[in-house]
Amino acid sequence: MNYSQIESFLAIIRLGSLSKAAEHLYVSQSTISQRLHSIEKEYNVTLLNREKGVKSVTLTNEGERFYQIAERFETLYSETKNLKSGSAEATISIGAVDSVHNYVLRDIYSAIVHRLPDTRLAIHTHQSNEIYYLIDQRNIDIGFSLQDRVLKNVKVQKLFEEQMVLIQKKNPGLTQYEMDNSSLNPKQQLFINWGMNYQIWHEKHWGPTSNTFIQIDTAKMLGDFLEEEGMWAIVPVSIARDFHAKGLVDVFLLTDPPPSRSCFQVEKEGGNSQVKEVSKLILGLKAEIEEVVRPWRR
């Protein structure tokens, strides 16, 4: 496998077709096709779904996994070129769940870029249970997981804890901001899985999570669904605060509140100086993080 093959594969995915990738890289479409075939033959995998009459590109399961590898390869190749040219820039790879990236650490990432101008960030979204494996294998430098684990040569420290609250479509005439759990219709719930402790608490009030009618993966999907009258969701306070600031929702405390969620900063012991510098800066910005996740008060 070489860089031209990786470059071609990533161009296909990012641009959506072999022809656009060929045009972008100034090569023939047959060259792009040959490079893709070479990867598949070398590793005995099928990376793209090939259906007659379908022009858009979709990845197989193997293709999804290879895409993550290709992105890491691209980053390492870029770092190697910078090393050769004497550049002081370093790329720090950070992994976290979507809700932590977008609603808690968004401004922290901006602060890192401004305070450490020679540092580039590669920000990847992963499930909490993947973070420890990726750290252990040095596929990412710093992880933020919602799970606390003990792993040899891996340093884990709690970064923040945040309250879980109820949100519903904004009602201008509302005056009551506490809700009894029993008053909520489970058929109108937008369910996001916030972990095992949350599931246990949820089952106590509304039965198994398998009975929920609408289950979604990311908080960003909530906006459209919450437009419907009576729909509700339970989310971390950082998400509720963001939606409320945009005038989209009312925020409620529950009479029997959900368990808080905790986020842990995860790193491999003995990281390089650039990783340590970024990690130290993040921990130094805990006051800003605590402001985002502060408890909801009316």
Legend entry - Transitive ILVMFWY cluster of L134, excluding itself - 4.5 Å side-chain cut-off: I131, Y132, Y133, I135, I140, L151, V154, V156, F264, V266
Inset, instruction - Would you check, one step at a time, whether the test side chain to side chain donor-acceptor pair (under 3.5 Å) holds for T119 with Q274? - result: CA-CA 8 Å; T119 297; Q274 291 95 340; over 6 Å; no
Inset, instruction - Output yes when R106 and D242 qualify as a salt bridge under the 4.0 Å nitrogen-oxygen rule, no when they do not. - result: yes
Inset, instruction - Could you tell me whether K155 and E269 make a salt bridge, using a distance below 4.0 angstrom between a side-chain N and a carboxylate O? - result: no
Legend entry - NZ/K20: more than 12 non-hydrogen atoms of other groups inside 6.0 Å: no
Legend entry - Beyond-backbone contact of K204 with D256, side-chain heavy atoms, under 4.5 angstrom: yes
Inset, instruction - Please confirm whether the backbone N or O of S128 pairs with a side-chain atom of S145, one donor and one acceptor, at under 3.5 Å? - result: yes
Legend entry - Common cluster, Y43/I13, ILVMFWY with side-chain heavy-atom separation under 4.5 Å: yes
Inset, instruction - Provide the closest heavy-atom pair for A11 versus L25 in the form atom of the first, atom of the second, distance. - result: CB-CD1, 4.1 Å
Legend entry - Main-chain N/O of N2 paired with Q5 side-chain donor or acceptor, under 3.5 Å: yes
Legend entry - Pairwise distance NZ(K280) to OG(S273) - rounded to 0.5 angstrom: 12.5 Å
Inset, instruction - Rounded to the nearest 0.5 Å, what's the gap from CG on L47 to CG on L36? Could you check? - result: 6.0 Å
Legend entry - Flag, side chain of H37 to backbone of S33, donor-acceptor distance under 3.5 Å: no
Inset, instruction - Identify whether the distance between the nearest side-chain nitrogen and carboxylate oxygen of R294 and E291 falls below 4.0 Å. - result: yes
Inset, instruction - Would you kindly say whether Q34 and S38 are connected by a side-chain donor-acceptor distance under 3.5 Å? - result: yes
Legend entry - Worked check of side chain to side chain contact (heavy atoms under 4.5 Å, CB included) between F191 and I234: CA-CA 8 Å; F191 178 80; I234 295 172; over 6 Å; no
Inset, instruction - Look at the side chain of E267 and the backbone N and O of S279, then say whether any donor-acceptor pair between them is shorter than 3.5 Å. - result: no
Inset, instruction - May I ask you to check whether over 12 heavy atoms, not counting those of Q157, lie within 6.0 Å of atom CD? - result: yes
Inset, instruction - Quick one: closest heavy-atom pair of G230 and Q168, and the distance? - result: O-NE2, 3.6 Å
Inset, instruction - For D180, look at atom CG and say whether over 12 heavy atoms of other residues, nucleotides or ligands are found less than 6.0 Å away. - result: yes
Inset, instruction - Could you tell me whether the side chain of R241 reaches within less than 4.5 Å of the side chain of W296, counting heavy atoms only? - result: yes
Legend entry - side chain to side chain contact (heavy atoms under 4.5 Å, CB included) between F160 and S238, worked out: CA-CA 11 Å; F160 64 84; S238 56; over 6 Å; no
Inset, instruction - Decide whether F66 and L15 are clustered together by the hydrophobic rule: side chain heavy atoms of Ile, Leu, Val, Met, Phe, Trp, Tyr closer than 4.5 Å, transitively. - result: no
Inset, instruction - For the residue pair I282 and F144, establish whether any side-chain heavy-atom pair is separated by less than 4.5 Å. - result: yes
Inset, instruction - Kindly indicate whether the side chain of P257, heavy atoms from C-beta on, has any atom under 4.5 Å from the side chain of Q163. - result: no
Inset, instruction - Could you verify whether a donor N or O on one side chain and an acceptor N or O on the other, from N181 and T255, lie under 3.5 Å apart? - result: yes
Inset, instruction - Would you mind reporting whether L184 and F252 have side-chain heavy atoms less than 4.5 Å apart? - result: no
Inset, instruction - May I ask you to check whether H202 and Q189 show a side-chain donor-acceptor distance below 3.5 Å? - result: yes
Inset, instruction - Show the numbers, then the answer: is there a side chain to side chain contact (heavy atoms under 4.5 Å, CB included) between H24 and R14? - result: CA-CA 11 Å; H24 175 72; R14 291 166 179 170; over 6 Å; no
Legend entry - Atom CZ of F225: over 12 foreign heavy atoms under 6.0 Å: no
Inset, instruction - Show the numbers, then the answer: is there a side chain to side chain contact (heavy atoms under 4.5 Å, CB included) between K170 and L248? - result: CA-CA 6 Å; K170 192 162 189 64; L248 301 176; over 6 Å; no
